[in-house]
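The model shown is predicted, which means the values in this text are computed figures rather than measured ones.
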Amino acid sequence: MSTQPMASAGEGEAITLVVIDDVTARLEVDEERRAFNAMISHELRNPLTAIVGHVDLLREREDLPGRVPAQLEIIANAGERMHDLVTSILRQTSHTARDPFESVDLREVVESAAASYAPVISSNRQTLRVEGAESLVISGDAFRLRQVVDNLLSNAAKYTPAGGHIGIDLDTMAGDQAVVTIVDDGFGMAADDVARVFEPYFRTDSAVRAGIGGTGLGMGIVREIVSAHEGSIDIASEVGVGTRVTLRFPQRRVMEAQV
(Lines give C-alpha, C1' and ligand atoms only; values in the text may rest on other atoms or scores of the structure.)
Protein backbone atom coordinates (compact mmCIF):
# COMPACT_ATOMS: atom_id res chain seq x y z
CA MET A 1 0.00 0.00 0.00
CA SER A 2 1.23 3.50 -0.85
CA THR A 3 -0.13 7.01 -0.47
CA GLN A 4 0.39 10.16 -2.48
CA PRO A 5 -0.93 13.68 -1.75
CA MET A 6 -3.01 15.24 -4.54
CA ALA A 7 -3.95 18.78 -5.42
CA SER A 8 -6.55 20.32 -3.10
CA ALA A 9 -10.12 20.34 -4.35
CA GLY A 10 -10.83 23.52 -2.48
CA GLU A 11 -9.62 25.79 0.28
CA GLY A 12 -8.86 23.84 3.43
CA GLU A 13 -9.36 20.48 1.73
CA ALA A 14 -6.65 17.86 1.11
CA ILE A 15 -6.90 14.80 -1.07
CA THR A 16 -4.67 11.75 -0.66
CA LEU A 17 -4.48 9.00 -3.23
CA VAL A 18 -4.24 5.54 -1.68
CA VAL A 19 -2.96 2.73 -3.91
CA ILE A 20 -3.42 -0.86 -2.76
CA ASP A 21 -1.71 -3.65 -4.68
CA ASP A 22 -2.72 -7.31 -4.33
CA VAL A 23 0.61 -9.13 -3.84
CA THR A 24 -0.90 -12.55 -3.09
CA ALA A 25 0.32 -14.09 -6.35
CA ARG A 26 3.84 -12.72 -5.80
CA LEU A 27 3.96 -14.15 -2.28
CA GLU A 28 2.73 -17.53 -3.54
CA VAL A 29 5.48 -17.62 -6.17
CA ASP A 30 8.09 -16.73 -3.54
CA GLU A 31 6.79 -19.50 -1.27
CA GLU A 32 6.91 -22.05 -4.09
CA ARG A 33 10.47 -21.02 -4.94
CA ARG A 34 11.48 -21.30 -1.29
CA ALA A 35 9.86 -24.74 -0.99
CA PHE A 36 11.53 -25.97 -4.18
CA ASN A 37 14.96 -24.84 -2.94
CA ALA A 38 14.29 -26.62 0.33
CA MET A 39 13.40 -29.92 -1.35
CA ILE A 40 16.46 -29.87 -3.59
CA SER A 41 18.86 -28.91 -0.83
CA HIS A 42 17.48 -31.32 1.75
CA GLU A 43 17.58 -34.30 -0.58
CA LEU A 44 21.15 -33.47 -1.64
CA ARG A 45 22.31 -33.57 1.93
CA ASN A 46 21.98 -37.32 2.49
CA PRO A 47 24.02 -38.47 -0.54
CA LEU A 48 26.61 -35.80 0.27
CA THR A 49 26.96 -37.29 3.74
CA ALA A 50 27.64 -40.71 2.22
CA ILE A 51 30.21 -39.28 -0.22
CA VAL A 52 32.11 -37.35 2.43
CA GLY A 53 32.01 -40.35 4.78
CA HIS A 54 33.51 -42.73 2.22
CA VAL A 55 36.20 -40.21 1.26
CA ASP A 56 37.17 -39.74 4.91
CA LEU A 57 37.62 -43.50 5.28
CA LEU A 58 39.82 -43.62 2.18
CA ARG A 59 41.97 -40.74 3.45
CA GLU A 60 42.84 -42.78 6.54
CA ARG A 61 44.49 -45.52 4.47
CA GLU A 62 48.28 -45.59 4.32
CA ASP A 63 48.62 -47.54 1.07
CA LEU A 64 47.23 -44.92 -1.30
CA PRO A 65 49.40 -44.49 -4.42
CA GLY A 66 50.83 -41.31 -5.94
CA ARG A 67 48.45 -38.42 -6.31
CA VAL A 68 45.44 -40.19 -4.82
CA PRO A 69 45.71 -38.54 -1.36
CA ALA A 70 45.78 -35.08 -2.93
CA GLN A 71 42.84 -35.95 -5.17
CA LEU A 72 40.84 -37.24 -2.22
CA GLU A 73 41.61 -34.02 -0.40
CA ILE A 74 40.09 -32.06 -3.29
CA ILE A 75 36.99 -34.25 -3.28
CA ALA A 76 36.62 -33.89 0.49
CA ASN A 77 36.92 -30.11 0.35
CA ALA A 78 34.44 -29.87 -2.51
CA GLY A 79 32.01 -32.12 -0.65
CA GLU A 80 32.26 -30.02 2.49
CA ARG A 81 31.70 -26.81 0.53
CA MET A 82 28.67 -28.33 -1.16
CA HIS A 83 27.34 -29.48 2.19
CA ASP A 84 27.70 -25.95 3.58
CA LEU A 85 25.90 -24.54 0.54
CA VAL A 86 23.05 -27.01 0.89
CA THR A 87 22.70 -26.20 4.58
CA SER A 88 22.53 -22.47 3.87
CA ILE A 89 19.53 -22.74 1.50
CA LEU A 90 17.43 -25.31 3.36
CA ARG A 91 13.78 -24.40 3.55
CA GLN A 92 10.52 -26.27 4.06
CA THR A 93 9.09 -28.59 1.43
CA SER A 94 7.89 -32.07 0.65
CA HIS A 95 7.18 -33.80 -2.66
CA THR A 96 5.16 -36.97 -2.76
CA ALA A 97 5.90 -40.09 -4.73
CA ARG A 98 4.70 -40.23 -8.32
CA ASP A 99 2.67 -42.77 -10.23
CA PRO A 100 2.99 -45.03 -12.03
CA PHE A 101 4.59 -47.14 -9.33
CA GLU A 102 6.63 -50.23 -10.04
CA SER A 103 7.69 -53.29 -8.06
CA VAL A 104 10.26 -52.32 -5.43
CA ASP A 105 12.09 -54.70 -3.09
CA LEU A 106 12.33 -52.94 0.27
CA ARG A 107 15.15 -55.28 1.26
CA GLU A 108 17.27 -53.91 -1.58
CA VAL A 109 16.35 -50.33 -0.65
CA VAL A 110 17.35 -50.90 2.98
CA GLU A 111 20.63 -52.64 2.15
CA SER A 112 21.58 -49.90 -0.29
CA ALA A 113 20.94 -47.21 2.32
CA ALA A 114 22.83 -49.21 4.96
CA ALA A 115 25.86 -49.50 2.67
CA SER A 116 25.87 -45.73 2.08
CA TYR A 117 25.76 -44.94 5.79
CA ALA A 118 28.25 -47.63 6.83
CA PRO A 119 31.19 -45.15 7.00
CA VAL A 120 29.20 -42.72 9.14
CA ILE A 121 28.04 -45.45 11.50
CA SER A 122 31.53 -46.94 11.67
CA SER A 123 33.10 -43.57 12.49
CA ASN A 124 30.50 -43.13 15.24
CA ARG A 125 31.52 -46.54 16.63
CA GLN A 126 27.94 -47.72 16.28
CA THR A 127 26.68 -51.06 15.00
CA LEU A 128 24.01 -51.59 12.35
CA ARG A 129 22.14 -54.82 11.67
CA VAL A 130 19.63 -55.61 8.93
CA GLU A 131 17.42 -58.63 9.58
CA GLY A 132 14.14 -60.21 8.53
CA ALA A 133 12.62 -60.97 5.15
CA GLU A 134 15.17 -61.58 2.39
CA SER A 135 12.71 -60.02 -0.06
CA LEU A 136 9.85 -57.63 0.67
CA VAL A 137 8.26 -56.37 -2.54
CA ILE A 138 5.71 -53.59 -2.78
CA SER A 139 4.56 -51.27 -5.55
CA GLY A 140 6.15 -47.87 -5.22
CA ASP A 141 8.74 -45.29 -6.21
CA ALA A 142 12.18 -46.73 -5.38
CA PHE A 143 13.86 -43.33 -5.36
CA ARG A 144 11.39 -41.82 -2.89
CA LEU A 145 11.38 -44.91 -0.68
CA ARG A 146 15.17 -44.67 -0.50
CA GLN A 147 14.73 -41.09 0.72
CA VAL A 148 12.54 -42.38 3.53
CA VAL A 149 15.11 -44.93 4.69
CA ASP A 150 17.97 -42.44 4.29
CA ASN A 151 16.24 -39.89 6.49
CA LEU A 152 15.36 -42.38 9.20
CA LEU A 153 18.80 -43.99 9.19
CA SER A 154 20.43 -40.56 9.31
CA ASN A 155 18.35 -39.65 12.35
CA ALA A 156 19.17 -42.93 14.08
CA ALA A 157 22.90 -42.36 13.57
CA LYS A 158 22.75 -38.72 14.71
CA TYR A 159 20.74 -39.36 17.87
CA THR A 160 22.49 -42.53 19.01
CA PRO A 161 25.68 -42.14 21.07
CA ALA A 162 28.99 -43.84 20.31
CA GLY A 163 28.81 -47.56 20.95
CA GLY A 164 25.07 -47.60 20.32
CA HIS A 165 23.08 -50.02 18.21
CA ILE A 166 20.79 -49.47 15.22
CA GLY A 167 18.60 -52.18 13.74
CA ILE A 168 16.38 -52.48 10.68
CA ASP A 169 13.87 -55.31 10.54
CA LEU A 170 11.74 -56.30 7.55
CA ASP A 171 8.62 -58.42 7.93
CA THR A 172 5.06 -59.01 6.76
CA MET A 173 1.93 -58.94 8.86
CA ALA A 174 -1.69 -59.97 8.54
CA GLY A 175 -3.59 -58.00 5.94
CA ASP A 176 -0.84 -58.21 3.31
CA GLN A 177 1.26 -55.44 4.81
CA ALA A 178 4.99 -54.98 4.43
CA VAL A 179 6.60 -53.71 7.63
CA VAL A 180 9.96 -51.99 8.02
CA THR A 181 11.10 -51.11 11.53
CA ILE A 182 14.08 -48.89 12.36
CA VAL A 183 15.06 -49.08 16.01
CA ASP A 184 17.92 -47.56 18.00
CA ASP A 185 19.03 -47.35 21.62
CA GLY A 186 19.82 -43.66 21.38
CA PHE A 187 18.76 -40.59 23.33
CA GLY A 188 15.04 -41.03 22.72
CA MET A 189 12.29 -38.40 22.92
CA ALA A 190 9.64 -37.36 25.42
CA ALA A 191 5.98 -37.94 24.52
CA ASP A 192 5.42 -34.21 23.89
CA ASP A 193 8.29 -34.17 21.39
CA VAL A 194 7.05 -37.27 19.59
CA ALA A 195 3.69 -35.55 19.09
CA ARG A 196 5.44 -32.67 17.29
CA VAL A 197 8.06 -34.56 15.32
CA PHE A 198 6.33 -34.00 11.95
CA GLU A 199 6.01 -30.24 12.42
CA PRO A 200 8.16 -28.19 10.02
CA TYR A 201 11.42 -27.03 11.62
CA PHE A 202 10.66 -28.76 14.92
CA ARG A 203 13.71 -29.92 16.84
CA THR A 204 13.86 -31.12 20.42
CA ASP A 205 15.44 -28.85 23.01
CA SER A 206 17.93 -31.56 23.92
CA ALA A 207 19.12 -31.86 20.29
CA VAL A 208 19.58 -28.10 20.03
CA ARG A 209 21.46 -27.92 23.33
CA ALA A 210 23.70 -30.82 22.30
CA GLY A 211 24.61 -29.04 19.06
CA ILE A 212 23.33 -31.89 16.88
CA GLY A 213 22.86 -30.66 13.30
CA GLY A 214 19.49 -30.73 11.63
CA THR A 215 16.73 -28.65 10.09
CA GLY A 216 13.54 -30.25 11.36
CA LEU A 217 12.32 -30.92 7.81
CA GLY A 218 13.15 -34.59 7.23
CA MET A 219 10.31 -36.25 9.12
CA GLY A 220 7.67 -34.19 7.35
CA ILE A 221 9.11 -35.30 4.01
CA VAL A 222 9.15 -38.91 5.22
CA ARG A 223 5.49 -38.81 6.21
CA GLU A 224 4.43 -37.30 2.87
CA ILE A 225 6.25 -40.00 0.91
CA VAL A 226 4.85 -42.80 3.08
CA SER A 227 1.32 -41.39 2.74
CA ALA A 228 1.71 -41.23 -1.04
CA HIS A 229 2.38 -44.98 -0.92
CA GLU A 230 -0.84 -45.49 1.08
CA GLY A 231 1.34 -46.45 4.02
CA SER A 232 1.60 -45.39 7.64
CA ILE A 233 4.37 -44.36 10.01
CA ASP A 234 4.33 -44.83 13.77
CA ILE A 235 6.92 -43.56 16.23
CA ALA A 236 7.50 -44.87 19.75
CA SER A 237 10.26 -43.30 21.83
CA GLU A 238 11.43 -43.00 25.41
CA VAL A 239 14.11 -40.72 26.80
CA GLY A 240 17.26 -42.68 27.61
CA VAL A 241 15.91 -45.85 25.99
CA GLY A 242 15.70 -45.15 22.26
CA THR A 243 13.32 -44.78 19.34
CA ARG A 244 11.36 -47.19 17.18
CA VAL A 245 9.94 -46.10 13.82
CA THR A 246 7.54 -48.50 12.12
CA LEU A 247 6.61 -48.20 8.46
CA ARG A 248 3.73 -50.16 6.98
CA PHE A 249 2.97 -50.45 3.26
CA PRO A 250 0.20 -52.40 1.47
CA GLN A 251 1.58 -55.30 -0.53
CA ARG A 252 -1.71 -55.63 -2.42
CA ARG A 253 -0.64 -52.77 -4.72
CA VAL A 254 1.91 -55.09 -6.30
CA MET A 255 -0.82 -57.48 -7.39
CA GLU A 256 -2.99 -54.62 -8.63
CA ALA A 257 -0.12 -53.17 -10.68
CA GLN A 258 0.43 -56.55 -12.38
CA VAL A 259 -3.19 -57.05 -13.40
Q) Honestly curious: do Met189 and Ile233 fall in one hydrophobic cluster under the side-chain, below-4.5 Å linking rule? A) yes

Q: Compare all side-chain heavy atoms of Leu145 with those of Ile138 and state whether any distance is below 4.5 angstrom.
A: yes

Q. Are any non-hydrogen side-chain atoms of Glu60 and Ser123 less than 4.5 angstrom apart?
A. no

Q. What heavy-atom pair brings Ala142 and Val104 nearest, and what distance separates the two atoms?
A. N-CG2, 3.8 Å

Q.
For a 4.5 angstrom cut-off between non-hydrogen side-chain atoms, does Leu153 reach Ile166?
A. yes

Q: Please check if the side chain of Gln126 supplies one atom and the backbone of Ala157 the other of a donor-acceptor pair under 3.5 Å.
A: yes

**Q.** Shortest non-hydrogen contact between Val137 and Ser103, atoms and distance
**A.** CG1-CB, 4.0 Å

Q: Measure the spacing between NZ of Lys158 and OG1 of Thr160 and express it to the nearest 0.5 Å.
A: 11.5 Å

Q.
Any side-chain to backbone donor/acceptor pair from Asp185 onto His165? Under 3.5 Å, distance only.
A. yes

Q: Report yes or no: do Val179 and Val183 belong to one cluster of Ile/Leu/Val/Met/Phe/Trp/Tyr joined by side chain heavy-atom distances under 4.5 Å?
A: no

**Q.** Within-4.5 Å side-chain heavy-atom neighbours: Ile182 and Thr243
**A.** no

Q. Measuring from Arg244:CZ to Asp234:CG, what's the distance to the nearest 0.5 Å?
A. 11.5 Å

Q | hydrophobic_cluster_shared for Phe202 and Val226, side chain cutoff 4.5 Å | A | no

Q: Any chance you could measure Ile168, atom CD1, to Glu111, atom CD, to the nearest 0.5 Å?
A: 9.5 Å

Q | Closest non-hydrogen atom pair between Glu230 and Pro250, with its separation | A | O-CD, 3.4 Å

Q.
Within this structure, what is the CG-CD distance for the pair Leu217 and Glu199, rounded to the nearest 0.5 Å?
A. 12.5 Å

Q. Would a 4.5 Å heavy-atom cut-off, applied to side chains only, mark Gln147 and Ile225 as touching?
A. yes

**Q.** Verdict with reasoning, Val239 to Phe187, per side chain to side chain contact (heavy atoms under 4.5 Å, CB included)
**A.** CA-CA 6 Å; Val239 175; Phe187 305 124; over 6 Å; no

Q: Enter the distance from Ser237:OG to Asp193:CG here, rounded to the nearest 0.5 Å.
A: 8.5 Å

Q: List the steps, then state whether side chain to side chain contact (heavy atoms under 4.5 Å, CB included) holds for Leu170 with Glu134.
A: CA-CA 8 Å; Leu170 301 98; Glu134 292 299 322; over 6 Å; no

Q.
Please determine whether residues Leu64 and Ile75 belong to a single hydrophobic cluster, defined as Ile, Leu, Val, Met, Phe, Trp and Tyr linked transitively by side-chain heavy-atom distances below 4.5 Å.
A. yes

Q) Would you say the side chain of Val222 lies within less than 4.5 Å of the side chain of Phe198, judging by non-hydrogen atoms? A) no

Q: For the pair Arg107 and Asp105, find out whether any cationic side-chain nitrogen is under 4.0 Å from an anionic carboxylate oxygen.
A: no

Q. Nearest heavy-atom pair of Arg146 and Ser112: which atoms, and what distance?
A. NH1-OG, 2.7 Å

Q. Is the Phe249 ring parallel, tilted or perpendicular to the His229 ring (thresholds 30°, 60°)?
A. perpendicular

(Q) Using every non-hydrogen atom in the two residues, find where Ser139 and Phe101 come nearest and quote the distance to one decimal. (A) OG-CB, 3.2 Å

Q) Take atom CZ in Arg248; do more than 12 heavy atoms of anything else shown fall under 6.0 Å from it? A) yes

Q) From Thr172 OG1 over to Gln177 CD, what is the distance, rounded to the nearest 0.5 angstrom? A) 10.0 Å

Q.
Do Tyr159 and Ile121 sit in one hydrophobic cluster, given that two such residues count as connected whenever their side-chain heavy atoms are within less than 4.5 Å of each other, even indirectly?
A. no

Q. Are Leu247 and Leu152 side-chain neighbours, meaning at least one heavy-atom pair lies under 4.5 Å?
A. yes

